Peer 1: 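Have a look at the structure that comes next, please.
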Amino acid sequence: MTVSFEGRVAAITGAGGGLGRSYALELAKRGAKVVVNDLGGDEFGGGGSNHMANAVVDEIRSAGGEAVANFGDISKYETGTSMVEAAISNWGRLDVLICNAGILRDVSFAKMTEEDWDIIFAVHVKGMFNACHNAWPHMREQKYGRIMLTSSTSGTWGNFGQTNYGAAKTAMLGFMNSLKQEGEKYNIHVNALTPAAGTRLTATVLPDEWLDKAKPEFVTPLVTYLVSENCPDNGSIYHAGMGRYHRTALMRGPVTEVDTDEVKTAEWMEDNWDQISSLDGAEAMWNGRVTQAEYDAQNK
Ligand SMILES: NC(=O)c1ccc[n+]([C@@H]2O[C@H](COP(=O)([O-])OP(=O)(O)OC[C@H]3O[C@@H](n4cnc5c(N)ncnc54)[C@H](O)[C@@H]3O)[C@@H](O)[C@H]2O)c1
């Protein structure tokens, strides 16, 4: 089926460059009206200018699309407010929110400063809250919303020198796991992405030959589908980059059930560790009680 955004309004944080710019251009090409938020700073959280957001708005308009710029730091609550207000005042609704703005402060934990920790949580986690908290009442009222949070394989698997960034990116998944449950009855879906692309952010850590090949445009089709009306997922994590696409999930291994009349010992745990630690037949979960398969069978 055609994936269309005719009549839809999208807001994308950090859309002045890299992945966010590519999403903005593609959604606009498919009919979405787009609020392009960007601080226009550097990849470590310094500086700021209107240039990046304005340039993407110009690109969209010159291709015949509709877009407005929203400047400012998404770690400030008022930027989330002004970004959502830009969507509502210009087009009366907000259907798609992509939390994409991001920076890096890579450093080994031994050398990390409190500021390296705080700024990463401010941009990625508080920035996500600021965008979603302002968008939520509108999406609830219109009974429709598609939110995509940008996590990272540093959050799902970890990466040397990224305890701050990895922890923030995992926090975004914890946020998704609860918000997906609150949004379900309002037809608001919340999903997450772990992208891999050559951008100015990855240029700080990866070799040129990889950067040249890993175009953001490889990631964009998956994101476009994920934030569309066509996609049924709510609470999923997908990976996309350089020709590789897969789902990632926190899984629960098979449950070992014991008689609760008697408390087991640590020695009993050791004796049964192979069974308790097994991931054979692990299942994705909808919440702490219900597997995804059970939930889907009841609700879809
Ligand atoms: N490129 C990858 O391989 C990769 C991998 C994993 C996760 N990510 C995540 O993807 C997202 C996009 O990254 P990218 O690779 O396109 O990098 P990028 O630096 O090209 O783009 C990030 C954009 O966010 C903007 N931004 C930064 N801080 C902001 C703030 N406080 N408020 C508003 N805008 C802000 C920047 O100006 C920039 O335009 C980030 O969240 C990043 O952590 C990227």
Side-chain angles (χ1 to χ4, degrees), residues 11-25 35-57 59 69-83 86 97-106 118-131 148-159 162 164-173 192-207 210-220 222-223 237-244 248:
I12 306 173
T13 71
L19 287 160
R21 169 182 166 273
S22 176
Y23 308 154
L25 297 178
V35 183
V36 175
N37 159 267
D38 208 284
L39 169 66
D42 66 31
E43 53 273 55
F44 308 110
S49 89
N50 296 351
H51 170 72
M52 291 176 75
N54 277 335
V56 174
V57 167
E59 264 188 279
N70 174 257
F71 313 111
D73 179 353
I74 198 62
S75 71
K76 308 275 184 250
Y77 193 82
E78 56 270 24
T79 305
T81 306
S82 68
M83 178 179 73
L97 171 64
I98 299 181
C99 295
N100 165 79
I103 57 163
L104 287 176
R105 284 290 182 97
D106 290 4
D118 287 345
I119 193 169
I120 288 293
F121 269 73
V123 174
H124 294 273
V125 184
K126 183 74 189 314
M128 166 188 69
F129 169 80
N130 295 340
M148 194 199 81
L149 310 174
T150 309
S151 182
S152 164
T153 54
S154 294
T156 52
W157 321 124
N159 197 19
Q162 293 193 329
N164 51 356
Y165 180 77
K169 290 303 199 185
T170 313
M172 300 178 83
L173 302 177
L193 173 79
T194 69
T199 64
R200 65 176 203 175
L201 212 58
T202 38
T204 63
V205 283
L206 290 167
W210 186 88
L211 296 167
D212 293 342
K213 281 196 216 143
K215 298 188 192 330
E217 287 70 25
F218 288 121
V219 176
T220 300
L222 185 135
V223 171
I237 309 163
Y238 284 93
H239 179 80
M242 220 174 115
R244 287 166 62 88
T248 299

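Note that ligands are numbered from 1 as they come in the structure, with each ligand's atoms numbered from 1 the same way. Just so you know, residue 1 is the first one in the sequence shown, and it goes up from there. Everything numeric here is computed off the predicted structure, so don't read it as measured data.
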Peer 1: Using a 4.0 Å cut-off on heavy atoms, what residues surround ligand 1? Order them by chain and number.
Peer 2: G14, G17, G18, L19, N37, D38, L39, G40, G41, M52, G72, D73, I74, N100, A101, G102, I103, V123, H124, T150, S151, S152, Y165, K169, P195, A196, A197, T199, R200, L201, T202

Peer 1: Give a yes or no on whether the backbone of T194 and the side-chain of H239 come within a donor-acceptor separation of less than 3.5 Å.
Peer 2: yes

Peer 1: As an exercise, state the distance from CZ of F121 to NZ of K126, rounded to the nearest 0.5 Å.
Peer 2: 13.5 Å

Peer 1: Do you know which of N50, I103, D73 makes side-chain contact (heavy atoms from CB on, under 4.5 Å) with L39?
Peer 2: D73

Peer 1: So I98 and V223, do their side chains get closer than 4.5 Å, heavy atoms only?
Peer 2: yes

Peer 1: Return the orientation label for the Y77 and F129 ring planes: parallel under 30°, perpendicular over 60°, tilted otherwise.
Peer 2: tilted

Peer 1: Would you find a donor on one side and an acceptor on the other, under 3.5 Å apart, between the side chain of N37 and the backbone of I12?
Peer 2: no

